[in-house]
Amino acid sequence: MKYSDEFKDVLKNAKTVVVLTGAGVSKESGLDTFRDVGGFWGKYNPMELASPQGFLENPKLVLTWYSERKKKAKDATPNPGHIALAEMEILFDDFFLFTQNVDNLHKRAGSKNLYELHGNIFESKCFTCGEPYYEEYDVEKELPKCPFCGGLIRPNVVWFGESLQNYILDLAFEKSQNSDLFFTIGTSSEVYPAAQLPYLAKKQGAYVVEINPNNTSFTHLANIHFNEKSGEVLPEILEIIKKEKERL
Ligand code: OAD
């Protein structure tokens with residue numbers, strides 16, 4: 001049986017639930033992942049497009065790539081996986097969603113207790129002084145500059161070689177370590193520190209569920225691995241949680 005009694009019991013009794021999502025959760029909304037066949041990092045060099053050095057070498061190239069991604073993310077709509085996670089949040093005492101995605105789709109689906117580990121593509125800031133920048137810009141016409149210090153404007157995302165925001169990372173470590181149920185969904189588990197979270201949860205005794213049509217380096221440690229698309233499995237899991245909670 002796909003959903004065992006043990007799994008249903010865990011869903012029924014879990015108090016602190018932590019979810020980590022990656023690009024795969026937005027794939028059914030039509031957005032590309034990074035490491036799948038046809039993904040960004042098969043076509044482009046991450047150091048050119050997603051590092052401070054790459055930005056300084058060719059800011060126009062980087063900003064153009066982010067503008068295109070922004071447009072795609074804006075035109076996309078949250079899929080049943082995003083929506084199921086937003087509904088799930090209401091059914092548990094403590095529920096924390098940590099995403100590596102910058103596409104805003106969890107927020108648009110209604111998730112509230114949401115933490116964006118890698119920032120948000122719809123926000124901008126100064127490369128030099130870090131001040132937020134709220135103006136719209138057309139990179140084809142001009143490279144936007146900071147009104148305070150004249151530095152170049154960049155997307156408010158975390159690039160390779162940069163640190164995540166401390167308060168988000170600390171919260172992610174703390175909640176993962178104290179979770180009794182942990183979901184790792186649509187992530188290749190390749191990028192640290194996010195990839196460390198399921199390991200921490202598992203080490204402290206959480207029941208760890210992986211949802212990914214492919215195996216990852218974490219799969220052998222998962223208590224259960226659903227070898228399917230998140231947009232298909234998550235609505236089913238949501239229905240089980242609702243039924244099990246009714247029986248409490
Ligand atoms: P990856 O592209 O590395 O992994 C996406 C995962 O989603 C893969 O393991 C796929 O098998 C899985 N997948 C594909 N379709 C799916 C579906 N419908 N349902 C569920 N899973 C599916 O993306 P991330 O793990 O998010 O960082 O990558 C982590 C970070 O690396 C990104 O945040 C980004 C990238 O470089 C930065 O840009 C800083």
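The structure presented is a predicted model; accordingly, all values stated were derived computationally and were not measured. In each ligand, atom 1 is the first atom listed, and ligand 1 is the first ligand listed. Just so you know, these numbers use all the heavy atoms, side chains as well, and skip hydrogens, waters and symmetry mates.
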Atom 32 (C) of ligand 1 - nearest protein heavy atom and its distance
Phe34 CE1, 3.6 Å

Just to confirm my output: which protein heavy-atom neighbour is closest to atom 30 (C) of ligand 1, and how far is it?
Val191 CG2, 3.7 Å

Under 6.0 Å from the ring centre and within 45 degrees of the ring axis: does the NZ or CZ of Lys70 meet both conditions for the six-membered ring of Tyr137?
yes

Using side-chain heavy atoms (C-beta onward) and a distance below 4.5 Å, is Tyr199 in contact with Lys203?
no

Which residue is it: Gln100, Glu162, Gln165? I am looking for the one with a side chain to side chain contact (heavy atoms under 4.5 Å, CB included) to His118.
Gln100

Can you classify the ring geometry of Trp159 versus Phe127 as parallel (below 30°), tilted (30 to 60°) or perpendicular (above 60°)?
tilted

Given the rule that I, L, V, M, F, W and Y join up when any side-chain heavy atoms are under 4.5 Å apart, are Val17 and Leu234 in one cluster?
yes

NZ/NE/NH1/NH2 to OD/OE distance under 4.0 Å, Asp32 and Lys72:
no

Salt bridge check: are Glu239 and Lys242 linked by an N-O gap of less than 4.0 Å?
yes

Should one rank Asn212, Asn79, Asp32 by closest heavy-atom distance to atom 9 (O) of ligand 1, which comes out on top?
Asn212

Does at least one non-hydrogen atom of Trp41 fall below 4.0 angstrom from an atom of ligand 1?
yes

Do me a favour and list the nearest non-hydrogen protein atom to atom 3 (O) of ligand 1 with residue, atom name and distance?
Ser188 OG, 2.5 Å

Contact partition for Glu28 relative to ligand 1, non-hydrogen atoms under 4.0 Å:
side chain

Consider ligand 1: state whether an atom of it lies below 4.0 angstrom from any non-hydrogen atom of His118.
yes

To check your reading of the model: name the closest protein heavy atom to atom 5 (C) of ligand 1, its residue, and the distance in Å.
Gly186 O, 3.6 Å

Which ligand 1 atoms does Lys229 reach within 4.0 Å, using its non-hydrogen atoms?
17 (C), 18 (N), 19 (N)

Is it the side chain, the backbone, both or neither of Thr187 that has a heavy atom closer than 4.0 Å to ligand 1?
both

Can you list the atoms of ligand 1 that are under 4.0 Å from a heavy atom of Phe160?
36 (O)

I'd like to check whether Trp159 has a polar contact with ligand 1, where a contact means an N/O of the residue lying under 3.5 Å from an N/O of the ligand.
no

Only heavy atoms count here, so choose which of Gly42, Ser189, Gly24, Ala194 is nearest to atom 16 (C) of ligand 1.
Gly24

Say whether Tyr3 and Asp5, considering side chains only, have a donor N or O and an acceptor N or O under 3.5 Å apart.
no

Proximity to ligand 1 by part of Arg35, non-hydrogen separation under 4.0 Å:
both

Can Val158 be said to touch ligand 1, with heavy atoms closer than 4.0 Å?
yes

Tell me the protein heavy atom at minimum distance from atom 29 (C) of ligand 1, and give that distance in Å.
Gln100 OE1, 3.2 Å

Identity and separation of the nearest protein heavy atom to atom 14 (C) of ligand 1:
Asp36 OD2, 3.4 Å

Suppose I only count heavy atoms of Gly22 and a 4.0 Å limit; which atoms of ligand 1 are within that range?
26 (O)

Asn223/Lys202 under side chain to side chain donor-acceptor pair (under 3.5 Å): CA gap, chis, key distance, verdict:
CA-CA 9 Å; Asn223 292 78; Lys202 177 79 189 178; 3.2 Å; yes

As an exercise, identify every atom of ligand 1 less than 4.0 angstrom from a heavy atom of Pro213.
13 (N), 16 (C), 19 (N), 20 (C), 21 (N), 22 (C)

Looking only at protein heavy atoms, what sits closest to atom 19 (N) of ligand 1 is Ser230 N, 3.0 Å

If the plane angle is over 60° it's perpendicular, under 30° parallel, otherwise tilted; pick one for Phe34 and Trp41.
tilted

Between His82 and Ser26, do the side chains contain an N or O donor and an N or O acceptor separated by less than 3.5 Å?
yes

Are Phe226 and Phe7 an aromatic pair, judged by ring center distance below 6.0 Å?
yes

One finds that the ligand 1 atoms under 4.0 Å from a non-hydrogen atom of Ala23 are 23 (O), 24 (P), 26 (O)

Can Glu28 and Asn79 be said to form a side chain to side chain donor-acceptor pair (under 3.5 Å), step by step?
CA-CA 6 Å; Glu28 289 153 88; Asn79 68 55; 5.0 Å; no

